[in-house]
There are 2 protein chains.
Amino acid sequence: MARTRSEERRAEILRAALEVIAERGYRGATLGSVAERVGLTQQGLLHYFPTKEALLVAVLEERDRWDTSGGRDREGWRLDLLDSLVEYNAMRPGIVQTFSALLGESVTDGHPAREFFTERYAQVRANMADVLRLEYGERLPGGLTPERAAPLLTAVMDGLQYQWLLDPAAVDMPGAFRDFLRLLAGPAEA
Amino acid sequence: MARTRSEERRAEILRAALEVIAERGYRGATLGSVAERVGLTQQGLLHYFPTKEALLVAVLEERDRWDTSGGRDREGWRLDLLDSLVEYNAMRPGIVQTFSALLGESVTDGHPAREFFTERYAQVRANMADVLRLEYGERLPGGLTPERAAPLLTAVMDGLQYQWLLDPAAVDMPGAFRDFLRLLAGPAEA
DNA sequence: CATCACCTACCGATCTACAGGTAGGCGGGT
DNA sequence: ACCCGCCTACCTGTAGATCGGTAGGTGATG
């Protein structure tokens, strides 16, 4: 209760960090610019997060907490919610941009978010496979097993996000994603 | 004839830059480390490329030249070659990593590669659509039009690359891509 | 053939600008 | 009185870029 002032501050800082990372990536982000956004000096910020990397870790952890809560059903998403997740994302370019930028950076050597993303994707693929199995059983109408479809599903989401971020007008992200789901669902048996 | 010494040098530098960008991204790359790799000082490097951004532009232009030549057939790739392109990529983590890192960075504000990627993706989608149309006509077996399938095809390639870069053992990139092509090709009519 | 003008390919020193991080202090609420 | 929240001052490192050179080559000319 009564979230302390300190906790509020931290939350503010994380939100600001999210923004700044979206705009310039992690490497390009500076503590000073994050601090400025919440009306602190850089050193004031370091009072809450002792290093830049600690701040990044906190951002990633919050993300983890976020998508381990909403939109999920105990052990994973439900298929129909995936759809609305993509639509939700389409309304939040900021967050999408943050994590797309981080994902891109994370493939470089020794990036502090690399492990996070590696594990996260393994987990996401497993979740996707579960969701698909629950929906379709061992073989999807399109012919794939859940395990083979999962990486594709994941790839489509990420790939579409990049195209959409680069040129929102050129790609109908939710529509394209639905197209893909229909592809997975296979011949409509009409 | 007799590529001048200078042209050779520039080519060496571009190769080194490609490596360094793969390892640290553009923002993380330093002129000094590129220079070192070709046995120059940072200032010596600046003799060939007057600014860091000029070097990046040259890298991107070379990429453009590269994939506007090999693997393409006049106006685009051929579908069966797409498949081998992915396999080719799977053997060159370095290059894939360079451009995945750059793509990720490019969605941040004012990134010098942003325009390049925006245009490039528009072009790639158009190419893909052409290829698909040539192969299947106005409607793919899976039910999509070439224009709607193109962004998906592109997204799958990119998305798989990230998953693969993060954990090569966890994703069979060429296999997954083939799965997707089969999905597009629709019911085998068997 | 020798000299002068000029170009290419660099390097050393240095400037400017931040960036991340440390040390210590100060004010206000409990 | 104490400690939390935050600041000032400062240090260190590093990055991109400029400046001014030097060494070697090439070509024209007297």
Side-chain angles (χ1 to χ4, degrees), chain A residues 1-60 101-102 105 108-113, chain B residues 1-60 101-102 105-106 108-114:
Chain A
M1 50 187 30
R3 247 161 130 236
T4 74
R5 173 95 186 116
S6 174
E7 278 165 345
E8 268 173 48
R9 265 305 205 198
R10 291 175 69 94
E12 276 179 65
I13 292 171
L14 287 179
R15 204 168 32 73
L18 217 66
E19 286 174 24
V20 174
I21 293 175
E23 286 164 23
R24 322 208 239 174
Y26 171 68
R27 284 203 169 95
T30 76
L31 296 177
S33 61
V34 175
E36 196 182 11
R37 239 166 254 232
V38 291
L40 279 180
T41 61
Q42 185 229 103
Q43 296 81 347
L45 195 162
L46 285 173
H47 172 69
Y48 291 93
F49 300 94
T51 67
K52 187 184 181 184
E53 196 170 325
L55 177 57
L56 174 64
V57 168
V59 166
L60 296 175
L102 283 176
E105 278 182 89
T108 60
D109 294 359
H111 192 282
Chain B
M1 48 183 30
R3 245 160 132 238
T4 74
R5 173 93 187 119
S6 174
E7 279 164 344
E8 266 173 49
R9 261 310 201 196
R10 291 175 69 94
E12 275 179 65
I13 293 171
L14 288 179
R15 207 168 30 73
L18 216 68
E19 288 174 23
V20 173
I21 292 175
E23 286 164 22
R24 319 208 234 168
Y26 171 68
R27 283 204 170 91
T30 73
L31 295 176
S33 62
V34 175
E36 197 182 11
R37 242 167 251 233
V38 291
L40 278 180
T41 61
Q42 187 229 104
Q43 300 83 333
L45 196 163
L46 285 174
H47 172 69
Y48 290 94
F49 300 94
T51 67
K52 189 185 182 185
E53 196 171 323
L55 176 58
L56 174 63
V57 168
V59 166
L60 295 175
L102 284 177
E105 279 183 88
S106 76
T108 61
D109 294 359
H111 193 282
R114 172 153 202 162

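Residue numbers begin at 1 in each chain, while the letters A, B, ... track the order of the sequences. Just the heavy atoms: all of them, side chains too, but no hydrogens, waters or symmetry mates, feed the values below.
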Output the distance between atom CD (A:Glu23) and atom CG (A:Leu18), rounded to the nearest 0.5 Å.
10.5 Å

Could you tell me which non-hydrogen atom of A:Phe49 sits nearest to which non-hydrogen atom of A:Ala54, and how far apart they are?
CD2-O, 4.2 Å

How many angstroms lie between atom CD of B:Glu105 and atom CD1 of B:Ile21, to the nearest 0.5 angstrom?
8.0 Å

Non-hydrogen side-chain atoms of A:Leu60 and A:Leu102 separated by less than 4.5 Å
yes

Got a list of protein N/O to nucleotides 20-23 of chain D N/O distances below 3.5 Å?
none

Show each protein N/O and nucleotides 23-30 of chain C N/O combination with a separation under 3.5 Å, one pair to a line.
none

Atom CG of B:Leu40 and atom C1' of C:dA9 are separated, to the nearest Å, by 9 Å

I'd like to check the side-chain contact (heavy atoms from CB on, under 4.5 Å) partners of B:Gln42; sequence neighbours left out, ordered by chain and number.
B:Leu31, B:Leu46

Applying side-chain hydrogen bond (donor to acceptor under 3.5 Å, both in side chains), can you list everything that pairs with A:Arg24, at least two apart in sequence or on another chain?
A:Ser33

By side-chain contact (heavy atoms from CB on, under 4.5 Å), A:Thr108 pairs with (sequence neighbours left out) A:Arg27, A:His111, B:Ala101

Distance col, row A:Leu40:CG vs A:Glu36:CD, nearest 0.5 angstrom, shows 11.0 Å

Residues within residues 19-32 of chain A bordering DNA chain C, heavy-atom distance below 4.0 Å
A:Ala29, A:Thr30, A:Leu31

Residues in residues 48-58 of chain B with a heavy atom under 4.0 Å of DNA chain D, by number, are B:Thr51, B:Lys52

B:His47 side chain N/O closer than 4.0 Å to the phosphate oxygens (OP1, OP2) of C:dC10?
no

Among all residues two or more places apart in sequence or in another chain, which pass the salt bridge (Lys or Arg N to Asp or Glu O under 4.0 Å) test with B:Glu19?
B:Arg15, B:Arg37

Interatomic spacing from OH in B:Tyr48 to CD in B:Glu12 - rounded to 0.5 Å:
8.5 Å

pair A:Leu45-A:Val38: side-chain heavy atoms closer than 4.5 Å
no

Partner set under side-chain contact (heavy atoms from CB on, under 4.5 Å) for A:Pro112, not counting sequence neighbours
A:Tyr26, A:Glu53, A:Leu56

What pairs with A:Thr41 under side-chain contact (heavy atoms from CB on, under 4.5 Å), at least two apart in sequence or on another chain?
A:Gln43

Of all residues at least two apart in sequence or in a different chain, which pass the salt bridge (Lys or Arg N to Asp or Glu O under 4.0 Å) check with B:Arg10?
none

Identify whether any heavy atom of B:Leu46 sits under 4.0 Å from a base atom; if not, whether one sits that close to sugar-phosphate; answer base, sugar-phosphate or nothing.
base

Given axes from five pairs at either end, by how many degrees does the helix from C:dC1-D:dG30 to C:dT30-D:dA1 bend, rounded to 10°?
10°

Just how far, in rounded Å, is P of C:dA9 from CD of B:Gln42?
18 Å

